[in-house]
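Report on the structure given below.
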Number of protein chains: 2
Amino acid sequence: MNAPVSTPTSAPALTKNQSLVFDVLDRADAPMSAYTILDRLRDHGFRAPLQVYRALDKLLEFGMVHRLESLNAFVACAHPESECCGKGHGHGHGTVAFAICESCGHVSEFHDHEVDHRLGAWAKAKNFKPAKTTIEIRGLCGACAA
Amino acid sequence: MNAPVSTPTSAPALTKNQSLVFDVLDRADAPMSAYTILDRLRDHGFRAPLQVYRALDKLLEFGMVHRLESLNAFVACAHPESECCGKGHGHGHGTVAFAICESCGHVSEFHDHEVDHRLGAWAKAKNFKPAKTTIEIRGLCGACAA
DNA sequence: TGACACACGTTATAGCATAACGCAATTGAT
DNA sequence: ATCAATTGCGTTATGCTATAACGTGTGTCA
Ligand SMILES: [Zn+2]
Ligand SMILES: [Zn+2]
Ligand SMILES: [Zn+2]
Ligand SMILES: [Zn+2]
């Protein structure tokens, strides 16, 4: 009864908890911390942080959610469809960058092939094997900077 | 008696606590968390996290220390001398990237002008005003990947 | 049927960071 | 000299973020 429920869609089947967490993030207009997500889901039976973290771990693994390291918070994936660096595992995409507005909280997710390339070139030259790359720009969005 | 002690060098004068914290980081061969720094300085009279965090805040402000967001840890600045993007406030440098070995903890700090340029161009196009940019590559260094 | 994998729930604990108070020393007017 | 503003410091308490360790239930597949 706790197994994932398969759906007619292409995305990986999500369990109930994973769906609840993803829906909260997908509807949010700013990054959310795990504990904020927890509070939003108290009415759906969530009682402990682990319920959130376990769902987040899976959603991160599926590539449906991103963690913003500079905020200790999470966002639903909203990367543009440009699959130029897709890695082929279904939804997958290459390294992505985030622009985070410190005033309104809005996050823009984008991919820049040249940035990826330059960082990859540095790694290759130094014989460094990248596993995960974080790029986050904090600042003010166009609307808030005006 | 708590005022900074001026020195014949060019760097900003550091207070006793700031010097102690910087020395610990400068001698370390891997990033250190604030609490680890605290433990190293118990013998020098440190008793509370705030003593560390306040020193770190100043050192970050001076550009002598960097925070690694993906690790919640700190490193002494070790950027190469290339001052191509120096901002002129003494030691200052432009956006810097970190390659962090998940096996041995070694951190390489580097600057890539083209990456800076591309991220700046994106920001300009989107009318986003960057305040601080984080670039961190987690992976395995040459020595550990062998 | 039994071994296994996986999602789940709960309690406790670990690790990271700041709020709020008050004191001491320095600085730089007036 | 004296006062006000600033800065650094020390302490206590608190809050936020994340994981360890345990046990349960359920579906899968020899
Ligand atoms: Zn994405
Ligand atoms: Zn904004
Ligand atoms: Zn540096
Ligand atoms: Zn290494």
Side-chain angles (χ1 to χ4, degrees), chain A residues 1-7 12-22 24-25 30-62 64-75 102 105 134 136 138, chain B residues 1-7 12-22 24-25 30-62 64-75 102 105 134 136 138:
Chain A
M1 187 262 202
N2 278 334
V5 174
S6 85
T7 71
L14 298 183
T15 66
K16 185 163 196 291
N17 283 5
Q18 288 160 16
S19 289
L20 286 167
V21 169
F22 179 74
V24 167
L25 282 178
M32 298 187 71
S33 77
Y35 279 73
T36 306
I37 295 169
L38 173 58
D39 286 337
R40 292 281 176 93
L41 290 176
R42 298 248 180 226
D43 293 344
H44 292 271
F46 276 53
R47 317 290 308 266
L50 239 84
Q51 296 175 272
V52 177
Y53 281 109
R54 289 205 270 231
L56 285 172
D57 283 346
K58 281 300 180 185
L59 293 169
L60 288 167
E61 182 185 323
F62 298 154
M64 298 174 66
V65 158
H66 298 290
R67 176 186 169 82
L68 298 179
E69 302 288 354
S70 69
L71 252 42
N72 293 328
F74 304 84
V75 287
E102 298 188 303
T134 296
E136 298 176 17
R138 310 263 307 250
Chain B
M1 187 261 203
N2 279 333
V5 174
S6 83
T7 70
L14 299 183
T15 66
K16 185 163 198 290
N17 284 5
Q18 287 159 18
S19 290
L20 287 168
V21 169
F22 180 75
V24 167
L25 281 178
M32 297 186 72
S33 77
Y35 277 72
T36 305
I37 295 169
L38 172 59
D39 286 338
R40 291 281 176 92
L41 291 175
R42 298 249 181 224
D43 293 343
H44 292 269
F46 276 52
R47 316 290 309 264
L50 259 183
Q51 295 174 274
V52 177
Y53 281 109
R54 290 204 270 231
L56 285 172
D57 284 346
K58 280 300 180 189
L59 294 170
L60 288 166
E61 181 185 323
F62 298 154
M64 298 174 66
V65 158
H66 299 290
R67 176 185 169 82
L68 299 179
E69 302 288 353
S70 69
L71 252 43
N72 293 329
F74 304 84
V75 288
E102 299 189 300
T134 297
E136 297 176 16
R138 310 263 308 252

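Residue numbers begin at 1 in each chain, while the letters A, B, ... track the order of the sequences.
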Can you tell me the distance, in whole Å, between the [atom1] atom of [X] and the [atom2] atom of [N]?
X	N	atom1	atom2	result
Asn17(B)	dT7(D)	CG	P	17 Å
Leu56(A)	dA7(C)	CG	P	14 Å
Lys16(A)	dT26(D)	NZ	C1'	16 Å
Phe62(B)	dT7(D)	CZ	P	11 Å
Glu69(A)	dT17(D)	CD	C1'	12 Å
Leu14(A)	dC6(C)	CG	C1'	15 Å

* Can you name the salt bridge (Lys or Arg N to Asp or Glu O under 4.0 Å) partners of Glu69(B), sequence neighbours left out? ->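 Listed in chain order: Arg67(B).
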If we only count heavy atoms from C-beta on, is the [X] to [Y] side-chain gap below 4.5 Å?
X	Y	answer
Leu14(B)	Met64(B)	yes
Asn17(A)	Arg54(A)	no
Thr36(A)	Val24(A)	no
Phe74(A)	Val21(A)	no

* Got a sec, which residues hit side chain to side chain donor-acceptor pair (under 3.5 Å) with Asp57(B), two or more places apart in sequence or on another chain? -> none
* Asked: What residues, two or more places apart in sequence or in another chain, satisfy side chain to side chain donor-acceptor pair (under 3.5 Å) together with Gln51(B)?
  -> none
* **Ser19(B) OG to Leu59(B) CG distance, which is reported to the nearest 0.5 Å** => 8.5 Å
Is any side-chain nitrogen or oxygen of [X] closer than 4.0 Å to OP1 or OP2 of [N]?
X	N	answer
Arg67(B)	dC16(C)	no
Gln51(A)	dG9(C)	yes
Thr15(B)	dT7(D)	no

* Given dC9(D), dT18(C), dC8(C), which nucleotide is nearest the side-chain atoms of Tyr53(B)? ->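 For the Tyr53(B) side chain, the nearest candidate turns out to be dT18(C).
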* Of all pairs that satisfy salt bridge (charged side-chain N to carboxylate O under 4.0 Å, His left out), the ones with a partner from residues 30-39 of chain B, not counting sequence neighbours -> Asp39(B)-Arg42(B)
* Structure fact -> Of Lys58(B) and Asn72(A), the one whose closest nucleotide on DNA chain D sits nearer the 5' end is Lys58(B)
List, with names and distances, any nitrogen or oxygen atoms from the protein found under 3.5 Å away from nitrogen or oxygen atoms belonging to nucleotides 20-22 of chain D.
none

* Under a 4.0 Å heavy-atom cut-off, which of residues 32-49 of chain A touch DNA chain C? ->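 Per residue number, the list reads Arg47(A), Ala48(A).
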